[in-house]
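Everything below concerns the one structure shown next.
Owing to the predicted nature of the structure, the values given are computational and were not obtained by experimental measurement. A, B, ... follow the sequence lines: proteins, then strands. Residue 1 opens every chain.
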Number of protein chains: 2
Amino acid sequence: MPTASNPRLEGRDLAAWKGMLRVHRELIGALGAGLERDYDLSLGEYEVLLNLADAPPDGLRMSEIAAELVVSRSGLTRLVDRLADRGFVTRARCPSDARGYFAQITAAGAERFAAARGAHLAEVRRRFHSQLDAGELDSLARIWDRLLAPAVAKSPK
Amino acid sequence: MPTASNPRLEGRDLAAWKGMLRVHRELIGALGAGLERDYDLSLGEYEVLLNLADAPPDGLRMSEIAAELVVSRSGLTRLVDRLADRGFVTRARCPSDARGYFAQITAAGAERFAAARGAHLAEVRRRFHSQLDAGELDSLARIWDRLLAPAVAKSPK
DNA sequence: GTAGGTTAGTTGCTGATGCAACTATATCAC
DNA sequence: GTGATATAGTTGCATCAGCAACTAACCTAC
């Protein structure tokens, strides 16, 4: 029972929190390493390609992708730079807003992504989904939903 | 229903997985920013101090801390370097193994950590625990436990 | 139509992280 | 004991990410 003088996390509170940090790091580490090793893609690059592969043919605005990946705009600029240098995406000016760009996946990008997707998702399923039952997956979905809902309820400044 | 030709994640599988990635990034981002802003500690530095504050007086071996934080040994070396430069930890040779060091928290480190802990945990509770009920926290604890158990069952080489 | 403020995206810079290589020590086989 | 191998920790290097500052374009008020 936490108090002002003993704010420590304990028992299930501790396990629920610390477990997420640990599981996330281990899974991300392992999945990223596999993707890098077998397909020469970082997890960030994979996620950009994933979003673009499912996007309308015009592609997606830079900011949309940044928001989806939860990375800074500058981070996304360089992520897309790297993908563009390798010929996996291209940028197209946005006709309705001259400040903006669409990022679009290229044939080469789609091909690389298609190659990586199967193995990556198999690994995600092996390490994550296959360890859990349907009820647990439902719980998780509900929990994430709950935690994301108040995402805008920022800390009091 | 995923198949070899359609490996896509859908429905609750997608929500359970993607939600973790998103929640983790948002929480870590917000919590790290708060800690940095108010106490000039990165999350990694906070976690090192947390582990040392709860450790026996001799401190902890570098490798133990690295394993606990799930960071590389080189990453931990520099994390401890930074904390040592600021006077928050010291290194002591390990008497029983001349290759090793103990990292120990100093009075200044303990003081800084004590100052940060309350606010940080309040924020963790506000953003995480307080959004969930007891059953959900139990579910999470069980889920992380399940996912960490086979941590050593590495991908087939 | 123009001034003020806002938004999209990029760039300079700095800090953090991991891998691979290295040093020093420990351990095991014999 | 001695040589081969493994482990603890650090360092060089390259990569990656964010913040703050910048440019260009948009938008609103008047």
Report the residue (B:R61 or A:L79) whose heavy-atom-nearest nucleotide on DNA chain D is the more 5′ of the two.
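Upstream on the strand: B:R61.
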
Taking [atom1] from [X] and [atom2] from [N], how many angstroms apart are they, rounded to a whole number?
{"X": "A:L35", "N": "D:dC16", "atom1": "CG", "atom2": "P", "value": "13 Å"}
{"X": "A:D40", "N": "D:dT15", "atom1": "CG", "atom2": "C1'", "value": "13 Å"}
{"X": "A:L43", "N": "D:dC16", "atom1": "CG", "atom2": "P", "value": "12 Å"}
{"X": "A:E36", "N": "D:dA14", "atom1": "CD", "atom2": "C1'", "value": "13 Å"}
{"X": "A:L60", "N": "C:dA8", "atom1": "CG", "atom2": "P", "value": "15 Å"}
{"X": "A:I28", "N": "D:dA17", "atom1": "CD1", "atom2": "C1'", "value": "16 Å"}
{"X": "B:Y101", "N": "D:dT10", "atom1": "OH", "atom2": "P", "value": "7 Å"}

Is B:R78 side chain donor-acceptor paired with the C:dG15 base, going by distance under 3.5 Å alone?
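Answer no: no donor N or O sits under 3.5 Å from an acceptor.
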
Got a sec, which residues hit side chain to side chain donor-acceptor pair (under 3.5 Å) with [X], two or more places apart in sequence or on another chain?
{"X": "B:S74", "result": "B:S72"}
{"X": "B:E36", "result": "none"}
{"X": "B:Q104", "result": "none"}
{"X": "B:R12", "result": "A:D138"}

Please give me every residue in residues 68-76 of chain A whose heavy atoms get under 4.0 Å of an atom in DNA chain D, ordered by residue number.
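The answer is A:V71, A:S72, A:S74, A:G75.
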
With a 4.0 Å heavy-atom cut-off, tell me which residues in residues 80-98 of chain B come close to DNA chain C, sorted by residue number.
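Residues of residues 80-98 of chain B that come under 4.0 Å of DNA chain C are, in numerical order, B:R82, B:D97, B:A98.
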
With side chains defined as the heavy atoms from C-beta onward, is the minimum distance between A:L132 and B:L147 less than 4.5 Å?
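In short, these two side chains touch, coming nearer than 4.5 Å.
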
ring-ring contact (aromatic ring centres under 6.0 Å, His included): pairs with one or both residues in residues 68-102 of chain A, sequence neighbours excluded:
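Those involving residues 68-102 of chain A do not exist here.
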
Filter on ring-ring contact (aromatic ring centres under 6.0 Å, His included), then keep only pairs touching residues 16-51 of chain A, sequence neighbours left out; what's left?
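Residue pairs with at least one partner in residues 16-51 of chain A: A:W17-B:F128, A:H24-B:H24, A:Y46-A:F113, A:Y46-A:H120.
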
Within residues 99-111 of chain A or reaching into it, pairs that qualify as salt bridge (charged side-chain N to carboxylate O under 4.0 Å, His left out) - sequence neighbours excluded
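Listed once each, the pairs are A:D97-A:R99.
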
Provide the full list of salt bridge (charged side-chain N to carboxylate O under 4.0 Å, His left out) pairs with a residue in residues 72-85 of chain A, sequence neighbours left out, each pair given once.
A:D81-A:R91

Restricting to nitrogen or oxygen on both sides, can you table the protein-nucleotides 4-7 of chain C pairs closer than 3.5 Å?
unit_1 : atom_1 : unit_2 : atom_2 : d
C:dT7  : O2     : A:R99  : NH1    : 2.6

Pair A:E26-A:R127, salt bridge (Lys or Arg N to Asp or Glu O under 4.0 Å): steps then yes or no:
CA-CA 10 Å; A:E26 293 195 348; A:R127 293 177 180 270; over 6 Å; no

Listed partners of B:R112 passing salt bridge (Lys or Arg N to Asp or Glu O under 4.0 Å), at least two apart:
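Here no residue qualifies.
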
